[in-house]
There are 2 protein chains.
Amino acid sequence: MTVRRHDPDRRSRIIDVCLDLVAEVGVAGVSHRKVAAAADVPLGSMTYHFAGMDELLREAFARFSRSVSDGFEQRMSEATDLATARAAVVEIITRDVFGTHRDLVLTHELYTLAAREPAYRELTNAWMGRSRAALERHFDPVTARMLDALIEGLTIHRALDTEAPRHETVTEAVRRITAAG
Amino acid sequence: MTVRRHDPDRRSRIIDVCLDLVAEVGVAGVSHRKVAAAADVPLGSMTYHFAGMDELLREAFARFSRSVSDGFEQRMSEATDLATARAAVVEIITRDVFGTHRDLVLTHELYTLAAREPAYRELTNAWMGRSRAALERHFDPVTARMLDALIEGLTIHRALDTEAPRHETVTEAVRRITAAG
DNA sequence: CCACTCTGCGTACGATCGTACACATCGCCC
DNA sequence: GGGCGATGTGTACGATCGTACGCAGAGTGG
């Protein structure tokens, strides 16, 4: 016995596995036992590292939202002028944000939690704040707000509507919003 | 004993109570027992009227999405020209859609389910289809698409961001999207 | 007015859940 | 090298879950 006595990344690995599990079965479907099994750690390790499921979920979604924001900033920072900034936004909508099914599901799980519990709303607030800040490197604040909302709506409709908006539609929508008033 | 032998609206009442309960504690938090208690029906009545929790949830969200769509169509049907149509969209964003906390939470719960299970995606598809059709009474199809996405994004950001977009921002965003290309 | 069917209910069962807690093992300091 | 915190683990408990199932009444045809 006594395998893996020293496993310093265990806590972090649990968080990652928890995210994968949430993506698969939803917040409603996760349990300490399932996470423990998926992460290949004993059940007692859950209560040792996390005070409860809430703490684990909050840390998991904090990590998730930070990573998405990182990608967003990265993409926007590569733009140099209006044209490339517009193109970056289109890229974000059609590729980045919900590029994987995992990200799509996790985003909605987070929104659902945020809609009900203020603690999670802090995460979405920070997320949206960073998005807007990144957009404001290229657009005025009001336009950035609109763009951020447009990105949100288009990505959701891309994911949840069988007739996804065509690429030209996305490009045109970004053009209209970013057209000088 | 033997109270309420004849109770023809029972099934419908269970569905309504289930929606309220989901709004309160989330899909993750509902159970046959809690719904039964809230609806003041015996536990056995749950399995009698519904094959399982899935069936109950699906019917509940079908009812919810239909009622939201009804309100959307109602609001858009009252518009008579471009100006009133634009105003109607602004009204929808700033008042109707997530006017109540209940609607906000239920919408996200539904989206979360739809992101993972195709059965629920049929509901969101129908919902978005009806929204677009209502918008197309006043705008061309491509613009209707963009508008629908914009409504989605703005309502979400209104709900999940402490710094909600101001009313003029919403008006301006609608104006830009609906400006003739 | 009896018997039979069908609607609806109470309860009980096995599974699974979160959490607590006693115990094993390791690294370290004297 | 021997004791002693610190770290990590296994198990057991009470609660809650979905669901099945036997039974009680009400309605109805004869």
Side-chain angles (χ1 to χ4, degrees), chain A residues 1-62 109-110 112-113 116-117 119-120, chain B residues 1-62 109-110 112-113 116-117 119-120:
Chain A
M1 270 312 103
T2 180
V3 275
R4 186 149 46 200
R5 279 298 297 182
H6 203 49
D7 182 9
D9 297 335
R10 168 169 297 188
R11 194 169 191 281
S12 180
R13 191 173 72 251
I14 291 174
I15 293 175
D16 284 335
V17 165
C18 178
L19 277 178
D20 288 340
L21 203 58
V22 168
E24 193 181 341
V25 299
V27 169
V30 298
S31 69
H32 278 168
R33 283 173 168 82
K34 288 180 187 170
V35 175
D40 191 29
V41 302
L43 176 60
S45 209
M46 293 289 118
T47 60
Y48 179 75
H49 286 291
F50 304 93
M53 186 61 83
D54 272 355
E55 182 176 321
L56 172 55
L57 280 179
R58 202 142 40 222
E59 291 213 34
F61 279 110
E109 293 282 355
L110 173 56
T112 300
L113 290 173
R116 189 166 22 249
E117 297 178 43
Y120 291 94
Chain B
M1 271 312 101
T2 181
V3 274
R4 186 149 49 199
R5 281 297 297 181
H6 202 50
D7 182 11
D9 296 336
R10 168 167 298 188
R11 194 169 193 283
S12 181
R13 193 174 68 250
I14 291 173
I15 293 174
D16 284 335
V17 165
C18 177
L19 278 178
D20 288 340
L21 203 59
V22 168
E24 194 180 341
V25 298
V27 169
V30 299
S31 68
H32 279 170
R33 283 173 168 83
K34 288 180 187 171
V35 175
D40 191 29
V41 301
L43 176 61
S45 210
M46 293 287 117
T47 60
Y48 179 76
H49 285 291
F50 303 93
M53 186 61 83
D54 272 355
E55 183 177 320
L56 173 55
L57 280 179
R58 202 142 39 222
E59 291 211 35
F61 279 111
E109 293 282 355
L110 173 56
T112 300
L113 290 172
R116 189 168 21 249
E117 297 178 42
Y120 290 95

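Treat the numbers as computed from the prediction; the structure is a model and nothing was measured. Order of the sequence lines sets the chain letters (A, B, ...), proteins ahead of strands, with each chain counted from 1.
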Heavy-atom closest pair (A:E55 atom, A:F50 atom, distance to 0.1 Å) is OE2-CA, 3.8 Å
Grab the two heavy atoms, one from A:I15 and one from A:A60, that are nearest each other, plus how far apart they are.
CG2-CA, 3.6 Å
Rounded to the nearest 0.5 Å, how far apart are CG of B:L113 and CZ of B:R58?
9.5 Å
Heavy atoms only, 4.0 Å cut-off, all strands: where does A:M46 land among base, sugar-phosphate and nothing?
nothing
Distance in angstrom units between B:D54 CG and D:dC17 C1', rounded:
15 Å
Distance, rounded to the nearest Å, where B:H49 contributes NE2 and C:dT7 contributes P:
11 Å
CG of B:D40 versus P of C:dG8: gap in Å, rounded?
16 Å
Minimum heavy-atom distance between A:A39 and A:V17, given as atom pair plus value:
N-CG1, 3.7 Å
Given C:dT7, C:dG10, D:dG8, which nucleotide is nearest the side-chain atoms of A:Y48?
D:dG8
Between D:dT9, C:dT11, C:dC9, which one does the side chain of B:L43 approach most closely?
C:dT11
Taking the side chain as every heavy atom from C-beta outward, state whether A:V41 and A:M46 have any pair of such atoms under 4.5 Å apart.
yes
Show me the donor-acceptor pairs within less than 3.5 Å that the side chains of residues 22-31 of chain A make with the rest of the protein, sequence neighbours left out.
from	atom 1	to	atom 2	distance (Å)
A:S31	OG	A:K34	N	3.2

Using five base pairs at each end to define the local axes, how bent is the helix from C:dC1-D:dG30 to C:dC30-D:dG1, to the nearest 10°?
10°
Measure from CD1 on A:I14 to P on D:dT7 and round the result to the nearest Å.
15 Å
Check whether any side-chain nitrogen or oxygen of B:S45 sits under 4.0 Å from OP1 or OP2 of C:dG8, and answer yes or no.
no
Side-chain N or O of A:R11 versus OP1/OP2 of D:dT7: is the shortest distance under 4.0 Å?
no
Interatomic distance, CG@A:L19 vs CD@A:E59, rounded to 0.5 Å, equals 11.0 Å
Taken to the nearest 0.5 Å, the spacing of B:H32 NE2 from B:L43 CG works out to 8.0 Å
What integer distance in Å separates B:L56:CG from D:dC17:C1'?
15 Å
Within residues 24-34 of chain A, those residues having any heavy atom closer than 4.0 Å to DNA chain C are A:S31, A:H32, A:R33, A:K34
Taking the side chain as C-beta and beyond, is there a heavy-atom pair between A:E109 and A:F61 under 4.5 Å?
yes
